[in-house]
Novice: 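Please see the structure below; I have some questions.
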2 protein chains.
Amino acid sequence: MPVTLADVAQATGLSASTVSRALSDPDKVNPHTRDRVRRAARELGYVPNQTARSLSSGHHDIIGLIVPDIANPFFPPIIKAIQARAGLKGKTVIITDVDEHPGDEVQRAQVIRKRVDGLIMVSPRASEERLHELAHLNPIVFVNRQVAGAANVLVDNADGMAEAVEHLTALGHRKLAYLNGPRRSWSNTQRREAIVAACAAQGVELVEYGPFEPQIQAGVRAADLVYASEVTAVIAYDDLIALGLMTRLAERGVRVGHDLSVIGIDDSPMSGMAYPTLTSIHVPGAEAGMTAVDLVLGMIENPSDEEPPVVQLETRLVVRGSTALAPAT
Amino acid sequence: MPVTLADVAQATGLSASTVSRALSDPDKVNPHTRDRVRRAARELGYVPNQTARSLSSGHHDIIGLIVPDIANPFFPPIIKAIQARAGLKGKTVIITDVDEHPGDEVQRAQVIRKRVDGLIMVSPRASEERLHELAHLNPIVFVNRQVAGAANVLVDNADGMAEAVEHLTALGHRKLAYLNGPRRSWSNTQRREAIVAACAAQGVELVEYGPFEPQIQAGVRAADLVYASEVTAVIAYDDLIALGLMTRLAERGVRVGHDLSVIGIDDSPMSGMAYPTLTSIHVPGAEAGMTAVDLVLGMIENPSDEEPPVVQLETRLVVRGSTALAPAT
DNA sequence: CTACATACTGCAAGCGATTGCCGCAATACC
DNA sequence: GGTATTGCGGCAATCGCTTGCAGTATGTAG
């Protein structure tokens, strides 16, 4: 039913090889022939069968992307950055959402890997050992998650976190809370350690709550814990939790940015749109995505056996309306 | 380098055909042989080459999904519903975000189509003619966009819109604004016509603004227009615009849900989390997604030449905190 | 006029699976 | 015990395209 290369060949009286070359390697064929082929292809409505092409050529011109949860606003900008960058290089991106099921990640990666030239996994949740199994299906790069022996694009939370604590102390806060993310989250470990270090360095008292899932609902739940405590400022594992927190606090009559300061992490698009606007630690997701694409593409072009590259990106605090002077005691 | 079927065949002393059957059609082979093959495959680390499998079998066990913008919170629930439903039936979903570039949609669809067994396009932005070209690459189903001659899952905005206007008039509002979505958006046309009809039916004065892009920023811009007008209630093309509107109005000291009522459309996850919570017209995205999957799968199983199915889903109003009695004049 | 590049194009061998058809042996039946 | 059945497994064709190699024609040089 569908038009194949052979049909075009027959229509033009040429061989399949020539048609193939005319279409995908124009320099190797006589300009006149090329045009004739192109015209015929167009007229017949020929669309190359990518599957066949991949099978014989060995590449797909696709890069695979695995994210934990597209509903989390942290990811879309990353995804878009990746798509844009890949598009620039003539690659298509296919996205898979594993819906926060760590168990699926590895398996999905294995399957997808067979259909793409390279893989990018953003913030994978699976255990280090399991991810390690994946390191071998090069090219693969892990974003926002350290996996020894594999290409990594990492985000260093320390700077931003230090800035955040510094910002709060400057505003007079002396006791603050950290709302933990998922217990097994690598990011949470990083962030938690960074804040503990920052608080210790700056002599601020820290209490912890959680773990909380990176969802608005969890922030709502967190709000009541915070409300009952005596902290004057809160740093949340991510913007979603911060947002849920703010909403719930507003309901209970707490004026965020006045009675209580809140800082989120990720600097997702929502943070500028909440009310009050959310002070947040900017995580360079888009840059990370673009870097990841460059790494994958690089690894595709010259697959070396050298130690895979590791890139570190930095975070910084973006101050908005949710942080203010500590209330007088 | 990679282990192939032939390798497993050689290792077991069997033929490739037998190995193939043992792996993908277990009943056609002796249990003992089957186990032997499985073990060998496991030991060798054999992973079937999906590309080859697709080429020869003609199917991919994948369904393609094209969405305009994953950053728009309206889509993730749909995407997840689609993935869940497809997963249940043993299919994988690959997502492509066309980033609101209508021009890309058709081309992307053509390309993707070659790698999947069926296609779902959610809220495509391209013109009807262009979409019509796609109708032929069956199975394909359009969600939230009517394309004559193709399978459709449509959402009827009329009910929800009527409820919304009714709700507002019951609260005493007599003059309201509609914030238009993108000019060429099919949904916007539907919604606009529905609200015009509802207002006419209920004797309410209507003013229109826009078009606005479905983004929070656009809502911010809309806010100033609304502020300067004399309406007491606003219905926005979607929740994002409504959210941006509310944020900006809050900044300007307008108490939404008191001085002014706001209704969004989509009932996206954000709406319950804003402050005040956003009254919104619930659009059954998840149901639409699931239905779409069922349609595609159905069309794959028995490709008929009959008129492709069209399913209509309904909307309803979900009242939250952003709507209240009209202020006394 | 022969000899040798040069430029295109065709041949045919894959890529790695699936699958219809056939043959063989073991089992069943009478 | 002879023949019809049935169950397994192998052969080989096929999916649609790419690509190394070889062949032919044209052009240039000697």
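In what follows, chains are A, B, ... by sequence order, proteins preceding strands, each numbered from 1. Computed over heavy atoms, backbone and side chain alike; hydrogens, waters and symmetry mates excluded.
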Novice: Rounded to the Å, how far apart are Asn30(B) CG and dG10(D) C1'?
Specialist: 15 Å

Novice: Within the structure provided, determine whether Thr12(A) and Val19(A) are in side-chain contact (heavy-atom separation under 4.5 Å).
Specialist: yes

Novice: Could you tell me whether Lys89(B) and Asp294(B) have a side-chain N and a carboxylate O separated by less than 4.0 Å?
Specialist: yes

Novice: Roughly, in whole Å, what's the span from CG in Leu23(B) to P in dG16(C)?
Specialist: 16 Å

Novice: Thr33(A) side chain N/O closer than 4.0 Å to the phosphate oxygens (OP1, OP2) of dT9(C)?
Specialist: yes

Novice: State whether Arg108(B) and Asp104(B) are salt-bridged, where the test is any N-O pair (Lys NZ or Arg NE/NH1/NH2 against Asp/Glu carboxylate O) under 4.0 Å.
Specialist: yes

Novice: May I ask you to decide whether Asp27(A) forms a salt bridge with Arg21(A), counting only side-chain N to carboxylate O separations under 4.0 Å?
Specialist: no

Novice: Quick one: CG on Leu297(B) to CE on Met299(B), what's the gap to the nearest 0.5 Å?
Specialist: 11.0 Å

Novice: Summarise how protein sits on nucleotides 13-28 of chain D as a single string, 5' to 3': B when a protein heavy atom is under 4.0 Å from the base, S for sugar-phosphate-only contact, - for no contact.
Specialist: --BBBBBB--------

Novice: What pair of heavy atoms forms the shortest contact from Gly58(A) to Asp117(A), and how long is it?
Specialist: O-OD1, 4.5 Å

Novice: Tell me: CZ of Arg36(A) to C1' of dT9(C), nearest whole Å?
Specialist: 11 Å

Novice: Rounded off to whole Å, could you give me the NE2-to-P distance for the His32(B) and dA25(C) pair?
Specialist: 20 Å

Novice: Please report the distance, rounded to the nearest Å, between NE2 in His60(A) and P in dC15(C).
Specialist: 15 Å

